[in-house]
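Comments concern the structure below.
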There are 2 protein chains.
Amino acid sequence: MPNRGKPGKKKDAPAQARPDRFQVSLDDIAREAGVSRMTVSRVLGNRGRFSEKTRERVVAIAESKRYRPNRMARAVHTGRSMTIGLLLPVHGPYYSRVAQGAHDELAAAGYSVLLGSNPHDHGPEAHAAELRLVHAFLDRRVDAFVLRPVNDDATRVYYREIHERSVPLVAVDRRLAGSFCDFVGTDDLLGGRLAAEYLHALGHRHLGHLAGPAAVSSARLRRQAFEKTVAGFNDGTTCQVVAAGFHASEADALTLLDRAARPTAVFAVTDWGAAALYAAAQRLRLRIPHDLSVLGFADLIFAGLLNPGLSTLAQHPEAVGREAARLVLGRLGQPTPALRNKTVLLPPELIVRGSTAPRASAHL
Amino acid sequence: MPNRGKPGKKKDAPAQARPDRFQVSLDDIAREAGVSRMTVSRVLGNRGRFSEKTRERVVAIAESKRYRPNRMARAVHTGRSMTIGLLLPVHGPYYSRVAQGAHDELAAAGYSVLLGSNPHDHGPEAHAAELRLVHAFLDRRVDAFVLRPVNDDATRVYYREIHERSVPLVAVDRRLAGSFCDFVGTDDLLGGRLAAEYLHALGHRHLGHLAGPAAVSSARLRRQAFEKTVAGFNDGTTCQVVAAGFHASEADALTLLDRAARPTAVFAVTDWGAAALYAAAQRLRLRIPHDLSVLGFADLIFAGLLNPGLSTLAQHPEAVGREAARLVLGRLGQPTPALRNKTVLLPPELIVRGSTAPRASAHL
DNA sequence: TTGTAAGCGTTATCAA
DNA sequence: TTGATAACGCTTACAA
């Protein structure tokens, strides 16, 4: 007879492996209150019917014992862990804020966040590390994933493992090739276009772009839109491009600046590149913005602290995180695996500080 | 008879609440392999004895079905969730790196990280929010906590809830009053002393300190050691202090600089304060380092990007996170609740850039 | 209003 | 070498 209502859990033989913390269970309360485990469950879960008198007694005992429900036990039964897996390179000024945004929204909805920090940029072992984290999350039965893919190619890694189990998945900041999932990020095409239009409007006709890795959608799209917009001016405006990593070095920046037909205004794929341009400009004794206008992307924490302050296209990382969380929470209600992919693009916002100026000022 | 080996889980009536993802269980494999659930468990867990033949068949089936063990189910039984609760304000350039360090170390040990982001600084509702997160972690039965307390006062919140359940707890970066738990952080006393000694060695005799909130140990200790060291010089060196939040404003900095007996060198409790001093100095037309030496604390991401580069006492957030993880992992092996509190203090490292100079240069 | 039975997916124990 | 059984803490379904 599988009667578990028997008094006293087997405490006599404390198996070595079992940490056996002092955790209170429904049975503990039930025994003390003289009711069944189910009644306690109903009272504390506030569902079903029970008398006020019972409720008071049960609640009092639960509080005195500092009862805390075991969500894992519940999850094993309900199939919902109330946990979301968040997979992104958490260090660094951008993604840490995405994490914050996602966390806040999820916490408000009663979900907890499992954090996995994948490598910031792609390398040979990056996929392997990422896959390990994905597995760790699957094993803990997260209800959904919010993740920043290392690059377009990560599809193979995720698709099979996650989509196959029909666990909702939202990609953040970088798209996955053959997007089979929801996406939240910045409108990089708009950003690239705004950058070109802004610098052009300032009178610059020799533009430069310090680009990022082509295998990453955000970098690729910004460049695409920037170049396309420049081509569309049809007034002889030129655009020189140098591609580097996201963390462009001073050397990368010099490649773009240390030439005869130097651009008078440069759009960097990221504020990091802009910082590199500051360093290169200083080395070449170019004054910003008089000799060189610099436009960044992201509005990272240091943008306003540079001298002069960096003009940049601000992203809104907290909003990205929040939107991703909302999307993923929406998927959880639905029984349908994936009706149609949703995409949320947040427009970047031009912040003008001191690093950009009209072309004319270069001749003052 | 509670015979669960029966073939076919109840799939006929898909209860509405159950998400019923396509998850494979030990029973599914056992059925297909024609063995018992236990044999499968043993094979996949690689414990106990089993024939090579059985092993191969079971493994093959498990792989073909993409089996992933349910760690929650396991945890309910073993009492170990293999999950650590990490509670800190994850946005921002410092704690995001602590999180990264802790994550890396824990992931390497096979643990997952539950992330809770508490408010960056204390307020009336900060404790309540933090308590909610602590509860969420306890409900998910984390094996241990790594957390950054809002302030000294948070003791009451944590002590009862965590310590009482004898869940290991490591405080990070800020101490809890009446420290009943392990602590990992920067050696703030050493930092304060090094700051004073360095500026004094440069010849400065009128020092200033832009301090942080007194209720936070790191700020308090830095100030304490700075003032004590200055007093110890016994050569008439003075020290003017202005207390602000960690994110000191330009106005805070002006309070310190816009006075007749202005200090010639200022130690800021944090690089944030140093940045504020840069702004204030610019407003007052003071040149750094000629008219004013500025020394920061932390070596945040922007320290090297300021102009001039900020001299600062570097912290090592990744190392703090890693050490905290190690400490907490060490506690998990022990059956003893808490033998003795351990403390790991990482020495700050003086990084000299361009914001500090000998007193003499002020007269050139 | 309350309780019993069964089951979630796993592991420990002991018997076969 | 394998399997039956109970247990972990909880919830749903149904019976009283």
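Just so it is clear, the values below take in all heavy atoms, side chains as well, and ignore hydrogens, waters and symmetry mates. Model, not experiment: these values are computed from the prediction. Chain A is the first sequence line, chain B the second, and so forth, proteins listed ahead of strands; every chain is numbered from 1.
- Whole-Å rounding puts the A/Arg37 CZ to C/dC8 P distance at 16 Å.
- Atom CZ of A/Arg80 is separated from atom CZ of A/Arg74 by 12.0 Å, given to the nearest 0.5 angstrom.
- Counting to the nearest Å, the P atom of D/dT12 and the CG atom of A/Leu26 are 12 Å from each other.
- To the nearest 0.5 Å, atoms CG (A/Leu131) and CG (A/Asn118) are separated by 12.0 Å.
- For the pair A/Ile29 CD1 and D/dG9 C1', the interatomic distance rounds to 12 Å; values are reported in whole Å.
- Judged by distance alone, the side chain of B/Arg140 and the main-chain N or O of A/Met82 form a donor-acceptor pair under 3.5 Å.
- Annotation: proximity of residues 42-55 of chain B to DNA chain D (heavy atom, distance under 4.0 Å) is found for B/Arg42, B/Arg49, B/Phe50, B/Ser51, B/Thr54, numbered in ascending order.
- Distance alone, capped at 3.5 Å, places no donor-acceptor pair between the A/Asp104 side chain and the A/Gly101 backbone.
- What separates CE of B/Met72 from P of D/dC10 is a distance of 14 Å, to the nearest Å.
- Straight-line distance from the CG atom of A/Asn70 to the P atom of C/dC8: 18 Å, rounded to whole Å.
- You'll find that the side chain of A/Met38 is closest to C/dT4, out of D/dT2, C/dT4, C/dT10.
- Without hydrogens or angle criteria, B/Ser81 side chain to B/Arg141 main chain gives a donor-acceptor distance under 3.5 Å.
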Problem - Steps toward side-chain contact (heavy atoms from CB on, under 4.5 Å) verdict (A/Val150, A/Glu130) - result: CA-CA 8 Å; A/Val150 254; A/Glu130 217 160 3; 2.7 Å; yes

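- The separation between B/Asp28 atom CG and C/dG7 atom P is 15 Å, rounded to whole Å.
- Side-chain atoms of B/His77 and base atoms of C/dT10 include no donor and acceptor less than 3.5 Å apart.
- Of the two residues near DNA chain D, A/Ser41 and B/Ala73, the one whose nearest nucleotide lies more 5' is B/Ala73.
- Checking B/Arg74 against B/Ser36, the closest nucleotide of DNA chain D that is more toward the 5' end is the one next to B/Ser36.
- Summary of helix geometry: the two end axes of the helix from C/dT1-D/dA16 to C/dA16-D/dT1, each defined by five base pairs via their C1' atoms, are inclined to each other by 40° (rounded to 10°).
- Remark: the A/Asp173 side chain and the A/Tyr95 side chain contain an N/O donor-acceptor pair separated by less than 3.5 Å.
- Here the CD-CZ distance, from B/Glu161 to B/Phe145, works out to 9.0 Å after rounding to the nearest 0.5 Å.
- Of all the residues in residues 56-68 of chain B, B/Tyr67 reach under 4.0 Å from DNA chain C with at least one non-hydrogen atom.
- One distance of note links CG of B/Leu147 with CG of B/Leu86; it measures 8.5 Å at 0.5 Å rounding.
- One finds no side-chain N or O of A/Thr39 lying less than 4.0 angstrom from the OP1 or OP2 phosphate oxygen of C/dT2.
- Heavy atoms only, all atoms of each residue included: A/Val328 and A/Ala144 are closest at CG2-CB, 3.5 Å.
- Here B/Leu26 contributes atom CG and B/Asn70 contributes atom CG; the two are 9.5 Å apart, rounded to the nearest 0.5 Å.
- A straight line from CZ of A/Arg80 to P of D/dC10 spans 19 Å, rounded to a whole angstrom.
- In this structure, CG of A/Asp27 is placed 13 Å from C1' of D/dT11, rounded to the nearest angstrom.
- Note that the OG atom of A/Ser117 and the NE2 atom of B/His103 stand 5.5 Å from one another [nearest 0.5 Å].
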